[in-house]
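For reference, the structure is listed below as structure tokens.
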Amino acid sequence: MTGATRELLLSRIRDVRDYPKQGVLFKDITPLLADPHAFTALTDTLAELCVRQGATKIVGLEARGFILAAPVAVKAGMGFIPVRKAGKLPGATLSQAYDLEYGSAEIEVHAEDLCADDRVMVIDDVLATGGTAEASLELIRRAGAEIAGVGILLELGFLGGRARLEPALRGAPLECLITL
């Protein structure tokens with residue numbers, strides 16, 4: 001990614017103070033999504049990453065990861081697989097529970113959407129503590145697929161998500177376009 005693209009993307013991420021609660025500085029990507037030039041630059045950059053890593057399918061993590069991953073999959077000519085919160089997918093699913101700072105959560109994928117021939121790239125908007133991304137990697141492997149890598153728009157480095165995620169990557173690349 002060029003420095004100009006990075007600056008364009010960063011300029012379209014808005015800081016919202018005290019959201020969703022007092023003391024939190026929320027990074028809002030909706031201005032980036034509303035700017036067709038910036039959104040196209042992001043989509044193109046992530047699609048190039050997926051092709052470079054030899055991915056065959058793209059997983060998007062609920063919910064903003066869907067917004068990023070679906071156009072990336074179309075641009076890269078690959079299938080899109082949603083990883084959803086538990087109870088949101090019909091039919092047979094695989095599920096993976098994981099711990100959060102404040103409790104636990106569970107994600108699911110349709111069991112038949114991934115197979116042993118797939119190399120999967122995980123796409124999401126923000127890497128914070130890494131719990132959801134870590135659980136998604138385990139879920140993808142349990143479905144029989146290989147991890148091609150993880151592509152993230154924005155890494156909040158001070159929250160330690162990279163350190164948590166690295167063992168689960170097992171050598172697969174983690175590329176964060178912007179790190180704060």
Side-chain angles (χ1 to χ4, degrees), residues 1-16 25-84 107 109 113-114 117-137 139-141 145-180:
M1 176 172 70
T2 68
T5 299
R6 182 187 186 282
E7 289 308 311
L8 172 63
L9 299 178
L10 191 55
S11 75
R12 300 304 189 271
I13 298 171
R14 175 178 52 189
D15 288 344
V16 180
L25 180 62
F26 184 79
K27 298 296 184 178
D28 180 15
I29 69 165
T30 59
L32 188 156
L33 300 174
D35 179 333
H37 182 66
F39 194 17
T40 299
L42 174 60
T43 300
D44 290 349
T45 300
L46 290 172
E48 290 167 12
L49 173 63
C50 294
V51 170
R52 188 170 65 246
Q53 296 304 331
T56 60
K57 289 192 179 159
I58 297 173
V59 157
L61 303 182
E62 188 166 338
R64 289 180 303 267
F66 294 174
I67 298 167
L68 303 185
V72 167
V74 170
K75 176 76 177 179
M78 299 174 195
F80 167 73
I81 311 296
V83 168
R84 305 236 24 215
I107 55 174
V109 68
D113 288 346
L114 295 170
D117 294 337
D118 289 324
R119 284 185 44 83
V120 179
M121 193 76 183
V122 176
I123 301 291
D124 205 7
D125 65 326
V126 174
L127 177 61
T129 62
T132 306
E134 179 185 40
S136 74
L137 297 179
L139 190 59
I140 291 162
R141 286 189 178 106
E146 181 183 346
I147 305 299
V150 176
I152 305 286
L153 167 59
L154 181 65
E155 177 183 3
L156 303 178
F158 59 92
L159 292 175
R162 181 177 290 270
R164 177 177 181 173
L165 193 54
E166 281 182 348
L169 287 165
R170 299 182 197 164
L174 168 61
E175 188 158 335
C176 299
L177 303 183
I178 299 168
T179 300
L180 301 177

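Side chains included, hydrogens not; waters and symmetry mates left out as well; all remaining heavy atoms used. Just so you know, these numbers come straight off a predicted model, no measurement behind them.
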### Query
Ignoring hydrogens and geometry, is there a side-chain-to-backbone donor-acceptor pair from Arg119 to Gln53 under 3.5 Å?
yes
### Query
Hey, are the side chains of Val59 and Val109 touching, using non-hydrogen atoms and a 4.5 Å cut-off?
no
### Task
Can you spot which of Leu42, Ile13, Ile29, Ile152 makes a side chain to side chain contact (heavy atoms under 4.5 Å, CB included) with Asp125?
Ile29
### Message
Run Asp15 and Lys27 through salt bridge (Lys or Arg N to Asp or Glu O under 4.0 Å) and show every step you take.
### Response
CA-CA 5 Å; Asp15 288 344; Lys27 298 296 184 178; 2.5 Å; yes
### Query
Does the side chain of His37 come within less than 4.5 Å of Leu8's, by heavy atoms?
yes
## Note on the structure
Heavy-atom nearest pair, Lys75 first then Ala47, reads CG-CB, 3.5 Å
### Message
Could you tell me if the side chain of Arg141 sits less than 4.5 Å from the side chain of Arg170, heavy atoms only?
### Response
yes
### Query
Of the non-hydrogen atoms in Gly130 and Arg164, which two are nearest, and what is the gap between them?
C-CD, 4.1 Å
### Message
Determine whether Val122 and Val83 satisfy the following criterion, side-chain contact (heavy atoms from CB on, under 4.5 Å), listing intermediate values before the conclusion.
### Response
CA-CA 10 Å; Val122 176; Val83 168; over 6 Å; no
#### Entry: Note, Pro82 side chain near Glu62 side chain (heavy atom, < 4.5 Å)
no
### Query
Which atom names give the shortest non-hydrogen contact between Ser136 and Ile107, and what distance separates them?
N-CD1, 3.6 Å
### Task
Would you check if Leu127 and Leu154 make a side-chain contact, meaning some heavy-atom pair closer than 4.5 Å?
no
### Message
For Ala133 versus Leu61, what's the shortest heavy-atom pair and its separation?
### Response
CA-CD1, 4.1 Å
### Query
For the side chain of Lys57 and the backbone of Asp113, is there at least one donor-acceptor N/O pair under 3.5 Å apart?
yes
### Query
Between CG of Leu46 and CD1 of Ile58, what distance do you get to the nearest 0.5 Å?
8.5 Å
### Task
Could you walk me through whether Val150 and Leu169 pass side-chain contact (heavy atoms from CB on, under 4.5 Å), step by step?
CA-CA 8 Å; Val150 176; Leu169 287 165; 3.7 Å; yes
### Query
Is it true that the side chains of Thr43 and Thr40 contain a donor and an acceptor less than 3.5 Å apart?
no
### Message
Would you compute the distance between atom CZ of Arg162 and atom CG of Leu165 and round it to the nearest 0.5 angstrom?
### Response
8.5 Å
List, one per line, each side-chain donor-acceptor pair under 3.5 Å for residues 173-180, sequence neighbours excluded.
unit_1, atom_1, unit_2, atom_2, d
Glu175, OE1, Arg52, NH2, 3.1
Thr179, OG1, Glu155, OE1, 3.2

#### Entry: Criterion side-chain contact (heavy atoms from CB on, under 4.5 Å) on Ile67 and Phe39, from CA distance to verdict
CA-CA 10 Å; Ile67 298 167; Phe39 194 17; 4.1 Å; yes
### Query
Of all heavy-atom pairs between Ala145 and Leu114, which one has the smallest distance, and what is that distance?
CB-CB, 4.3 Å
### Approximate separation, where rounding is to 0.5 Å, of Met1 CE and Asp44 CG
12.5 Å
### Task
Might you point out which heavy atoms bring Gly151 and Leu49 nearest each other, and give the distance in Å?
CA-CD2, 3.8 Å
### Query
Is a side-chain donor or acceptor of Asp118 paired with a backbone partner of Val120 at a separation under 3.5 angstrom?
no
### Query
When rounded to the nearest 0.5 angstrom, what distance separates CZ in Phe80 from CD1 in Ile123?
10.0 Å
### Message
Just so I know, are the side chains of Leu32 and Leu9 near enough to count as touching, which here means a heavy-atom distance under 4.5 Å?
### Response
yes
### Message
For Asp117 and Thr56: C-alpha separation, side-chain torsions, deciding distance, then whether side-chain contact (heavy atoms from CB on, under 4.5 Å) applies.
### Response
CA-CA 8 Å; Asp117 294 337; Thr56 60; over 6 Å; no
